[in-house]
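First up is the structure itself, then whatever we jot down about it.
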2 protein chains.
Amino acid sequence: MKNNVTKQKVVDAASSLFFQKGFHGTSVRDIADRASVNVSLISYYFKGKQGLLEYAVTNYYEAYLEKIEESLEKTEGDSAICRLNELIFTIIHYKQMHHQLTCFIQRELSLDSVFVREMTVTYLAKENYYLKELFQETIGGSIGQDEKRYLFMQLKGMLITPYILLSDWKDQIVGEYAHEQFVKKYTKSIQKWIEFNTNISMERKNK
Amino acid sequence: MKNNVTKQKVVDAASSLFFQKGFHGTSVRDIADRASVNVSLISYYFKGKQGLLEYAVTNYYEAYLEKIEESLEKTEGDSAICRLNELIFTIIHYKQMHHQLTCFIQRELSLDSVFVREMTVTYLAKENYYLKELFQETIGGSIGQDEKRYLFMQLKGMLITPYILLSDWKDQIVGEYAHEQFVKKYTKSIQKWIEFNTNISMERKNK
DNA sequence: ATTTTTGTCGATAATTGATTAAAGGATTTA
DNA sequence: TAAATCCTTTAATCAATTATCGACAAAAAT
C-alpha cells in the first residue's frame with residue numbers, strides 16, 4: 001500500500017499550488033511536477049483535476065465540521081458566551097492549521113460555479129447555522145434584527161480576515177510557535193469584540 | 001469615435017465575467033460573446049487578455065485613490081475621528097458602486113503573481129498608508145503596539161468583508177436605493193466599532 | 001507459481017484558448 | 001474627392017492543457 005503516500009503528495013502539491021495560483025491558474029502538469037509524479041496519476045487517483053479539487057475540499061470541510069461539532073459537544077451546558085468563545089477558538093485554530101487551503105477555498109468560494117454552490121449547501125450552511133444559533137443566544141434579543149445582522153456579518157468577517165489579508169500579517173507568523181501564538185492572540189481580540197457587544201446589549205436591556 | 005462605446009462594452013463584459021468566474025476562469029471568447037463584439041478586438045484595444053485586466057484594474061484604483069485623497073482634503077483640519085469616519089464612508093461608497101470589480105480584485109489580490117505585486121506596491125501601499133496614518137491618530141498612543149496591529153487588521157477586514165461574503169448579504173441589496181442604504185448602515189456599524197475602541201483607549205489614558 | 005490487482009510511466013489524441021495577419025468598411029482629415 | 005486613420009471581421013496559426021491509452025513493473029491473492 002504505497003498508495004497513500006503518493007496520493008498525499010499529490011494533494012499537498014495541489015493545495016500549495018492552488019493557494020499560490022488558484023485552481024484555474026495551475027495545470028495538472030504543475031501539480032505532477034511539484035509532487036514528482038507522473039501526470040496521469042492525477043487522473044488515476046482522482047479522475048482528473050476537478051476530482052482532485054473536490055477530494056481536497058471535501059476532506060477539509062469534513063474535518064472542519066467535525067471539529068466544530070466536537071467543540072459544541074464539549075461545551076454543552078456552559079453559558080452561551082463561553083461556548084461561542086470556545087467555538088471561535090476552534091475555528092481559528094483549524095483554519096490556521098490549514099491556512100493555505102483555508103485561503104484558497106475562501107477565495108474560490110466567491111466564484112459562481114456549480115461546485116461552489118454544492119459546497120455552500122453541503123457545508124457552509126451547517127457552519128453558518130451553528131455559528132448563528134450561538135451568536136443569537138449570546139447577543140440576546142435586545143437589539144434590532146437589522147443591527148444583529150450587521151454584527152453577525154462583522155463576526156464572520158473576523159473569522160476570515162486573516163486568510164484574505166494574508167500579506168498583511170504573514171511576516172508575523174514566523175518561527176516555531178508562531179501559529180499557536182497567533183491563534184491565541186487573534187482569538188482573544190475577537191472575544192473582546194464579543195464581550196463589548198454583549199455588554200451593549202445588556203445595558204439596553206437593563207434600562 | 002465609436003471607439004469608446006465598444007471599448008467600454010468589452011470592459012463591462014470582462015468585469016462581470018471576471019467577477020463570476022475569475023480571471024483564469026474566463027476566456028477571451030466568453031468576453032467577446034457577452035460584449036457582442038469580435039474576439040480580435042480584445043487584442044486590438046488592450047493588447048490581449050492581460051492588458052484588458054490591467055486596464056480595468058488600473059482604472060479602478062486610480063479613481064479609488066482619487067476619491068480617498070479628495071476625502072482627506074475635504075476634511076483637512078477636522079478631528080482625526082471625524083476624518084476617519086468620513087474616509088470610511090468614502091471607501092465603502094466607492095466599493096459599493098463598483099462591487100463586482102471590488103470583489104474580483106479582492107479575490108485576485110490573494111494570489112501570488114507579478115501583477116498582484118505590482119498593484120500592491122503601486123496602489124495598496126498608498127491606501128494602507130492613508131488609512132494607517134489616520135487610524136493611529138484616532139486611536140491614540142495609549143494601547144500596545146501589538147494590540148493596535150490587531151485592531152487595524154480588524155478595521156481593514158471590515159472594509160472588505162461585504163465583498164467577500166457577498167452571498168451572505170446580496171439578497172438585502174435589491175431595489176432602487178438599496179446600495180445607498182447599505183453604504184449608510186454598514187458605515188455606521190464600522191463607526192460604532194471605532195467609537196468603542198477610541199473610548200477604550202481614552203479610559204486607559206485617563207486612569 | 002501464476003493469476004489478478006494495483007501503481008507508474010511515456011506518448012498522444014482531442015480539446016480549448018490566445019494571438020495575429022490580412023483585408024474590407026467606415027470615418028475623419030486634408 | 002483622395003488619403004489617411006481607425007474600426008471590424010474572417011480565417012488561420014500557435015500554444016498549452018486535460019484526459020486517455022497501452023505497456024510495464026511491483027505487489028497481493030489464489
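Below, read A as the first sequence line, B as the second, and so on, with proteins coming before strands; counting in each chain starts at 1.
Note on B:T6: every side-chain N or O is 4.0 Å or more away from OP1 and OP2 of D:dC7.
With sequence neighbours excluded, the residues forming a side-chain contact (heavy atoms from CB on, under 4.5 Å) with B:D146 are A:K185, B:R149, B:Y150, listed by chain and number.
For the 3.5 Å distance criterion, the side chains of A:S189 and B:Q154 qualify, holding a donor opposite an acceptor.
Ring to ring, A:H99 and A:H179 are close: their centroids are under 6.0 angstrom apart. Taking the six-membered ring for Trp and the full ring otherwise, the centers of A:Y186 and A:W169 sit at least 6.0 Å from each other.
For the pair B:Y44 OH and C:dA23 P, the computed distance is 17 Å after rounding to whole Å. Following rounding to the nearest Å, A:K47 (NZ) and D:dT18 (P) show an atom-to-atom distance of 17 Å. If you take NE2 of A:H24 and P of C:dG17, they are 11 Å apart, rounded to a whole angstrom. Regarding B:K49, its NZ atom lies at a distance of 12 Å from the C1' atom of C:dT16, rounded to whole Å. Here the C1' atom of nucleotide C:dA18 and the CZ atom of B:F23 are 11 Å apart, to the nearest Å. Nucleotide D:dC7 holds its C1' atom 13 Å from the CZ atom of B:F46, rounded to whole Å. Remark: P of C:dA18 and CG of B:L52 are 11 Å apart, rounded to the nearest angstrom. C:dT6 atom P lies 14 Å from atom CG of A:N4, rounded to whole Å.
Contacts between residues 27-43 of chain B and DNA chain C, counted as heavy-atom distances below 4.0 Å, involve B:S27, B:V28, B:R29, B:V39, B:S40, B:S43.
Under the 4.5 Å side-chain criterion, counting only non-hydrogen atoms from C-beta, A:K192 is not in contact with A:F196. In this structure the side chain of B:I92 reaches within 4.5 angstrom of the side chain of B:Y163, judged on heavy atoms.
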